[in-house]
Amino acid sequence: MTLHRPLQIASRVAVFGGIAFVLLYVLVIADPSPEVGGNWRTTNFGSALDDWQSFTRTLLNGLTFAGLLFIVASGFSLIFGLMRVVNMAHGSFYLLGGYVAYEVQQEMTGEGFSIASIEVSTWEWVLPALVAAVTIGIVGLLVQQVFLRWNQGQELRQAMITIAISVIIADQIIAHFNDGIAASMTWPGWTDRLIELPLLGIDYSLTRLLVLFLGVAVGVALWAWLYRTRTGMVIRAGVDDRQMTSALGINIQLVFALAFVIGSVLAAFGGVVGASQGAVASGQDGQWLLNSLVVVIIGGMGSLLGAAAGSLLYGLVFSFSAVYLPTTGDNCCTQYSIIVTFVLLALVLAFRPQGLFGRAG
Amino acid sequence: MKGTMRRWKLLLPLAVIAAIAATMAAGSLAAPANEVRIAIMTDCKGAFGFGYEPDIGGAQAALAKYAGGKAKNAKKPSAGMTGIKVAGKDVRIVGYGCGDDTAATALKETRRLMEQLRADVMIGPLSGDEAVAVANYAKGKPTKTFIIGTAGSQDPTLQIAPKNVFRYHGDGAQWNAGIGEIAYKRLGWRNAAIMMDDYSFGWTSAAGIIADFCAIGGKITKRVFPPLNTTDYATYVQQLPSPDNVDGYFWVVGGTGTSASLKAFEQTYGRIDPKKHIGNLFFAFLGADKTVAPKVVGSYIGGFGTGPGLKTTQAKAYEASVAKVYPGLNGGNYADGFVYNYYNAAWAFVQGLTKAGGQLSKLQASLPRTLRSGYEVSDGGYVRLDRNRQAIQDQYPLQIVKSGDSIATSIVGYVPNVDQTFSGLFKKSSPPPGRSQPPCKKQKLSWQGKIKVVRNGVITNQVIK
Amino acid sequence: MILGMTTKQTVERAIGMGALVLVAIGPALFDDYWLGFILTQTFLIGIAAASLIFLSAYGGMVSLAQVALYGIAGFTLGNMVTTEGKGLHLGWDPWLGVVLAIAITTFIGFVLGAVASRSAGIYFLMITLTYAVIANYFFGQVTVVSGFSGISGIDLRAPGFVGADEESPVRLYYVALVVAVLVYLLIRFVLRTPFGLSLQGVRDEPVRMASLGYTVPMHRTLAFTFAAFIASLAGVLYVWWNGQIDPATIGLQGTIDLLIVAVIGGLGRIEGAWLGAFVFIVINNYVRDSWLTRFLDDVGIGGSFNTIIGVIFLVIVIVSPDGLMGAWGRFTGVFRRRGGGTEPPSEAAVEGIGRT
């Protein structure tokens, strides 16, 4: 439905006004909570002016969560952008990657407490991650070659095929990985400390900064690959105009396979990081598929910048809403933080359905 | 070519229909009338999927001991059991329910067991929300009997409380009785923050802790409730007061969340101090988790209504009877509530049916109002049902200890005769446990000041000071 | 008009009539479990699937939000009519509750449809998936209207003549059957109206229709609204049947299950909705403890019902994407005309959607 000009202006004003208000609220307007009661201005810690440390901590929490989101969502976006395949099994690859890495790490470091977590070496984290990446890469390759290669263009059919595969993988994980019980990995021992960040005035976890670093590293690597190598150039060409690219004699099937493998590897790596940050358990495949979906809907499909922007926005909104929503009473409002992230999604859908950096249509 | 393609495409749906017909034909046939049909409802997926075999094993061990059942496979309880006979009537286990910790699946499975397979009695379900759904279902099926397996929600026997629902173990709040007093007296906590899963079991378990701690004079300064299955706990941990501003933290987060949330705590505030962290039974489920479990060694935790390591003859007899039928069940941990509570439920059923002379119509009236349970000490070792058919049970606060390459629990206290109402605090008319319920109030609980010290599995005469 | 009907259509009519007669005298033939559990569920899940198939076959849009909409209807009814327990428990009159539940859901369908109507194909699929997620989280987190345990006891507050399920499943069975038949007739009727015809035009040639002056997004929005109305009927029947509804019912699993039902039946034809529902429910019920799961265990693959249904779904999507109804269509081997009338091109409904 095309909006008439005044309506368009009004909605634009509303959106920008809303964003400005939220920023002001967090930075200035909020008050810390008193002993009893509260009003619309009361939040857990008050505004950034009242409590700078909490603000920077929330900011960093959001950024680091965004790092993990980016690792997972970038793979999803790449597969969609190039092959127009909505890989509904993306979450399953995440979960499988986490479990495989967990099993390998348990093998290497012995079951249970035989090695204290502080003694886990970097290699004892890197090798499980590599094994997981390679395994899921192979699984992804198989899936793509057997199930997706011959029905290019039939997007809906491909989406349903990947749904079926995700259902099967989810059930098999329960059957083969200890009933899908939570599996938690250990970061290398040297990361287990808090470091001082004098500029921001807090001590922050080195582990979380590592996650942020990994997210940025993945982003830089992807950018370098897509924009500085020949294969990357071919992929970008394929994203822009698939038929022309193959008409130029380029083996587009090889490029598709490669993209799908890279996407699966990213999902698996995300699973390893997720398992180390918290834990993985059956049921999370659906959650992470949705996280990827939310990120690329917000940021725009098939765009690296879009995946980054979407991750940042989602991560920050998630982090800030849990801490800065008003605490007016017992039943409001921080428990609705998860709803706020979906309100963000709804706004993007309503006003810019192709996403912030996506292409219209 | 096209013809064969078309024929092949035709054969597929016919094959599907044939498969359906075959499975239907292989389905259940009419059952003989002179038998009692029971079903065991538990979880095989989701957060408590690991409870499947322990639950079934516990129930069947009781059926073996008291009703002559013969296990088909001593290593796999779900393979079945035959030869169960009570008061001259054959008892057949018609099916095992496979839930996933959600009410929707539980209800589906319950209907399948009770309506399709026509069970008369259900032993189960396993989890809190499932029991709420089953209790509501039971209200409409007064001729069927439901003996709750090991669910911890309060509603089924307090707010809903249908006449055909029985529970021979404590609910999630009862399991935590005594832990607040231990925090106050032993660890010297005067104020605490609490983090709880934002759903009914989280609230119920937390309610027990809050009631116990506040009753003796403690104050809860902050309640934080991350939604179930949160991916990133950092933002919720951040809402907790820092370790300098509070005496301790009560931690009621389960499933994937236990280790994820504790990791998030360490990443925010540094090392976990076991003296400043008290958990509920979920800490014990951390098992061999390398990262977090070692850090909580030494923490006190709420129990599960069982007494692992209790050295009474009754306890040893119970453990021996399970080990006889299913040696090594649940890794040898027969004291786990998953095994124990299902065992007691099945045993209660056998006693009830015996007293009723095998007549199902008299079963509900005949189900025992007291049950001699392995880990009970008060009243001569009997659990008593209150007027809502809910057990009044002894509770044992625990402490996490190191045990080889993993963690285990050790009893530190004995809390006699904990009732569901917490000495009148929880009533049918009171709001159910929730985000802000119960409020933090000082009051007298029947077990206050009567918690006995337990050392090495022996209940001493000292009271916790 | 006998002259206008092909042999295939006659055979189909005969089978359809036969099936209808069979279920009409159901209580005489089937036991309580089949009536109350298998068949009543088939009717109501079929209605929900019909809303999905209506959109996919005649609107060219595959929506994953139907389960969410049916959940909204169920939760709304639950909140309004129950007198105690979770949720708002307003205790209003059952019939008022039904009317309001349907009206509110249809209105929400209109709003959601308006937002989603500007997208097509795979984007539409993803947007509707996010609707499903939002609904799931909303009912899980906003404890004032539900919470994780959901709302129970709704069947006890069903209108008089429906009766509660426990007395006898027969009344609800007939109510569900009648509603299912009415829904089917209603859909067929709508398809013959000018709106229905132009909707199919929009499905096939949106650009051309736009140039002819039809507002494409408005058509899609109205189609989505209509589908929401149908889904709300299924939602009301569901809570009368189950007595209880919780967020897990409308989670990702439930959403995918409905898609599987529709695909098994066939995304191209409305009749597929009930066929798919019946097949899915029967498999769900009987495969569980059967030789199939034991066979999987012995072979070492492991897994349960979900693996089996996943494999069946996969095979159907690969081999016969228009499901059982499509396979039936090929079996009878009659070449169907494209466009005109109410026969949709079935393969294109599945494969061509992405090209919109």
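Residue numbers start from 1 in every chain, and the chains themselves are labelled A, B, ... in the order their sequence lines are given, proteins ahead of strands.
Looking at B/Tyr236, the atoms closer than 4.5 Å to chain A (heavy atoms on both sides) all sit in the side chain, from C-beta outward. At a 4.5 Å heavy-atom cutoff, the contact between A/Gln287 and chain B is made by side-chain atoms alone. With a 4.5 angstrom heavy-atom cutoff, B/Tyr233 does not touch chain A via any of its atoms. Heavy atoms of B/Thr268 lying under 4.5 Å from chain A belong to its backbone as well as its side chain. For A/Ser321, no part lies under 4.5 angstrom from a heavy atom of chain B. Interface residue A/Gln284: only side-chain heavy atoms are found under 4.5 Å from chain B. Heavy-atom distances place the backbone of A/Ala275, and not its side chain, under 4.5 Å from chain B. With a 4.5 Å cut-off on non-hydrogen atoms, B/Asp198 touches chain A through its side chain but not through its backbone.
Ring orientation note: the planes of B/Phe285 and B/Phe338 are tilted relative to one another, at an angle of 30° to 60°. Relative orientation of the B/His277 and B/Trp251 rings is tilted, given thresholds of 30° and 60° on the angle between their planes. The aromatic rings of B/Tyr199 and B/Phe201 are tilted relative to each other, their planes meeting at an angle between 30° and 60°.
Note that CG of A/Leu210 and OG of A/Ser205 are 9.0 Å apart. Values are rounded to the nearest 0.5 Å. Atoms CD and SG, on B/Glu109 and B/Cys98 in that order, are 6.0 Å from each other to the nearest 0.5 Å.
When each of B/Lys295, B/Lys45, B/Glu266, B/Lys263 is checked for heavy-atom pairs under 4.5 Å with chain A, B/Lys263 comes out on top. If you tally non-hydrogen atom pairs under 4.5 Å between each of B/Arg271, B/Gln267, B/Arg223 and chain A, the highest count goes to B/Gln267. For the options A/Ala322, A/Ser282, A/Ala279, heavy-atom pairs under 4.5 Å to chain B are most numerous at A/Ala322. The candidate with the highest count of non-hydrogen atom pairs below 4.5 Å against chain B, out of A/Ser184, A/Ser276, A/Ala182, is A/Ser184.
Screening B/Ile56, B/Ile40, B/Asp55 for a side chain to side chain contact (heavy atoms under 4.5 Å, CB included) with B/Pro77, the sole residue that qualifies is B/Ile56.
Two rings, from A/Tyr314 and A/Phe342, have their centers 6.0 Å or more apart.
Classification of B/Asp247 and B/Lys219 as a salt-bridged pair fails, no side-chain N sitting under 4.0 Å from a carboxylate O.
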